[in-house]
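Worksheet: the structure to be examined is printed underneath.
Just so it is clear, the structure is predicted and the values come from calculations on it, not from any experiment.
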Amino acid sequence: MRRLLTAAEAKAIDRYTIDEIGIPGVVLMERAALAVAEQCEQMMTADGELLCVCGTGNNGADGVAVARILSLRGYRTKLLIVGDEERGTEEFKLQLRVARRLRIPVCKAGEPAEYIKRGECSLIVDALFGVGLTRGIEGIYANVIDQINRSGVPVIAVDLPSGVSADDGKVLGCAVKADRTVTFGSEKIGMILYPGTEYCGERMVAEIGLAEKNYFEEQNETATVFTYDEDDLKRLPKRPAYSNKGTFGRVLVIAGSPNMGGAALFAGTAAYRMGAGLVEIATVKENRALLQTELPEAVLTVYDPLTDPTDWLIPAMRRAKAIVVGPGLGMKGNGAGILALLLEQAVVPVVIDADGLNLIAGDERLKDRLKGNCQVILTPHLGEMSRLTGKTVGEIQLELIETARAYSRKMGVICAMKDTRTVVTSPDGNVYINTSGNAGMATGGSGDLLAGMIGALLAEGMEPYESACLGVYLHGRYGDMAKERYGARTMIASDLAKIIRETE
């Protein structure tokens, strides 16, 4: 698990490390500059020239220190200072005095602008603004950023590309388009979310001695923003040698209406492939032949969508360790009755997807029964989230994290809101931001697979929130593998299902 920081958290950790732990700020700055300098050396030739474009805050001080370090290593370096030196931080003034004593060339924005172009430098360090930027960039700063982006010269950003919001990835007027970003301690949320992530290029995390772990322990923080990577595969439930199908749980999948049998097939297949011991699929009679042919391992329960579901649903719920409802369920028939009964009587975790979400959005009775059910996981895409919240898709995109977090808190449920960066929120404020996956997964049936995968993890005994986070991560990871094999343009959900089958 990798923690992701807000701007306020990053600043607080800096202060805590300096004021409470006692590590001098200049020591942290030197280590940060060394980390950036090492990346610069990877991107420069021996005869190249470095231009550090610096603001007058501590981010700019980092950039000045980078120029000094590389100058002492024999590289040709120049400084371009943007802003009023006299109003700079003390750390910036100190670093600039040292640079001038070493006779590193210094010019100010508005002077020789020819510095920022191919041929005059071979690499640019963006040290204009750090993580604290909150207002739109304009004036001379906007002009300099425009020159950097039009120069065609490779760019390394210090901590965060100037103009990108550390908190949500928004572009504040304009932003530097970096080829590589070196950040310190932990990644910032804005480096992960769109559009900010597109401005970061390759992301590098440098350990410079920040006491982040101690800070959060003292704060006794319970809510956090985080992401997963390959190391988190160890979270998968173990498969003991002494076991049987009951060991790995039974998933009840309620899915598929006439002409939508594929949704039930994908959800059931994914649940099996993800490790469930047994999968029972409840669906309409029109889907019987498809499921018996394509997934003969599944136990089938066929029901009439126009009648009371009590007789078949109560026994099926009692048999299940986890329930998935909604893929291809349809908006006609008694889908609302199925959901009402589930939300009222289910004692196991429930994943609600697709038409299950649309039914809830249009039914106040279902909304009331949903509230406070912390074992329920909703998996809406942005359109479905729009119907659930009453917000437009555009409004949700502008406040991705806060929309999902507020809904989880209000309704008391887990929300896995699907987008290019899927966000999984819990009622207590935790936020998982997914970084796996690709555009090839934007295809029919992909969401049905995710619902089934989460259902299987639940049936194997994993806690609901972790099941949602890990299911989303694995879904994207398998999608990345499918992209490598089939290509993003031609990939379909069946290809993703094949990858799940072939991957241990």
## Note on the structure
Residues Ala175 and Asn149: closest non-hydrogen pair is O-ND2, 2.9 Å
### Message
Is there a side-chain contact between Thr425 and Tyr407 in this structure, where contact means two heavy atoms from C-beta onward sitting under 4.5 Å apart?
### Response
no
### Query
Can you list the residues that meet the ring pair (Phe, Tyr, Trp, His ring centres under 6.0 Å) rule with Tyr228, with sequence neighbours excluded?
Phe226, Tyr432
### Query
For Tyr75 and Glu41, does a side-chain donor sit closer than 3.5 Å to a side-chain acceptor?
yes
### Message
Are the side chains of Val82 and Val53 in contact, using a 4.5 Å heavy-atom criterion?
### Response
yes
### Summary
Correct closest heavy-atom pair for Asp232 and Thr227 would be OD2-O, 4.4 Å
### Task
Quick one: closest heavy-atom pair of Ala12 and Tyr215, and the distance?
CB-OH, 3.4 Å
### Query
Is there side-chain contact between Val182 and Val158, with at least one heavy-atom pair below 4.5 Å?
no
### Query
Just wondering, do Val424 and Asn434 contact through their side chains at under 4.5 Å, heavy atoms?
no
### Task
Not counting sequence neighbours, list each pair that qualifies as a side chain to side chain donor-acceptor pair (under 3.5 Å) and has a residue in residues 157-167.
Asp126-Ser162, Asp159-Thr183, Asp159-Lys188, Ser165-Asp168
### Query
Rounded to the nearest 0.5 Å, how far apart are CD of Glu463 and SG of Cys374?
9.5 Å
### Task
Indicate yes or no for a side-chain donor-acceptor contact from Arg477 to the backbone of Ser436 under 3.5 Å, with no hydrogens or angles considered.
no
### Query
Quick one: does Lys108's side chain have a donor or acceptor within less than 3.5 Å of a partner on Gly83's backbone?
no
### Query
Are the charged groups of Arg100 and Glu85 less than 4.0 angstrom apart, N to O?
yes
### Query
Taking NZ, NE, NH1 and NH2 as the nitrogens, is one of them in Glu207 or Arg31 under 4.0 Å from a carboxylate oxygen of the other?
no
### Query
Short question: side chain of Thr490, backbone of Tyr486 - any donor-acceptor pair under 3.5 Å?
yes
### Distance, nearest 0.5 Å, that separates CG of Leu72 from CD1 of Ile104
6.5 Å
#### Entry: Side chain proximity check, Ile192 to Arg203, heavy atoms < 4.5 angstrom
yes
### Query
Is any NZ, NE, NH1 or NH2 atom of the basic residue among Lys238 and Glu460 found under 4.0 Å from an Asp or Glu carboxylate oxygen of the other?
no
### Query
Could you give the distance from OH (Tyr465) to CD1 (Ile414), rounded to the nearest 0.5 Å?
8.0 Å
### Task
Nearest 0.5 Å please: distance from the CG atom of Leu449 over to the OG1 atom of Thr269.
7.5 Å
### Task
State, to 0.1 Å, how close Val64 and Ala99 come at their nearest heavy-atom pair, and which atoms those are.
CG1-CB, 3.8 Å
### Task
Mind checking the CG-CD1 spacing from Asp419 to Ile396? Nearest 0.5 Å is all I need.
9.5 Å
### Task
Verify the distance criterion only: is there a donor paired with an acceptor across the side chains of Tyr16 and Glu212 at less than 3.5 Å?
no
### Query
Do you see a donor-acceptor pair shorter than 3.5 Å between the side chains of Thr379 and Asp353?
yes
### Query
Is the closest basic N to carboxylate O distance between Arg2 and Asp229 below 4.0 Å?
yes
### Considering all heavy atoms, the nearest Thr17-Ile13 contact
OG1-O, 2.7 Å
### Query
Which is it for Glu49 and Thr77 under the side chain to side chain contact (heavy atoms under 4.5 Å, CB included) test, yes or no, and what are the steps along the way?
CA-CA 6 Å; Glu49 185 163 13; Thr77 63; over 6 Å; no
### Task
Would you indicate whether the side-chain heavy atoms of Met453 and Ile500 approach each other to under 4.5 Å?
yes
#### Entry: Glu202 side chain near Asp179 side chain, heavy-atom distance below 4.5 Å
no
## Note on the structure
In Lys391, Lys170, Arg405, the residue satisfying salt bridge (charged side-chain N to carboxylate O under 4.0 Å, His left out) with Glu399 is Lys170
### Query
Would you say the side chains of Ser446 and His475 form a donor-acceptor pair under 3.5 Å?
yes
### Query
Taking all atoms of both residues into account, what is the closest heavy-atom pair of Gly326 and Ala354, and its distance?
O-CB, 3.6 Å
### Message
Check whether Gln42 reaches the backbone of Gln39 with its side chain - one donor and one acceptor, N or O, closer than 3.5 Å.
### Response
no
### Message
Surrounding NZ of Lys367 (heavy atoms of other residues, nucleotides or ligands, distance under 6.0 Å), is the total greater than 12?
### Response
yes
### Short N-O contact, Glu466 and Arg235, less than 4.0 angstrom
yes
### Under 3.5 Å: donor-acceptor pair, side chain of Asp231, backbone of Met1
no
## Note on the structure
So CD1 of Ile492 and CG of Asp495: to nearest 0.5 Å the spacing works out to 5.0 Å
### Task
Check the pair Arg68 / Glu30 against salt bridge (Lys or Arg N to Asp or Glu O under 4.0 Å), numbers first and verdict last.
CA-CA 10 Å; Arg68 182 245 306 158; Glu30 192 70 9; 2.7 Å; yes
### Residue pair Cys40 / Leu70, side-chain heavy-atom distance below 4.5 Å
yes
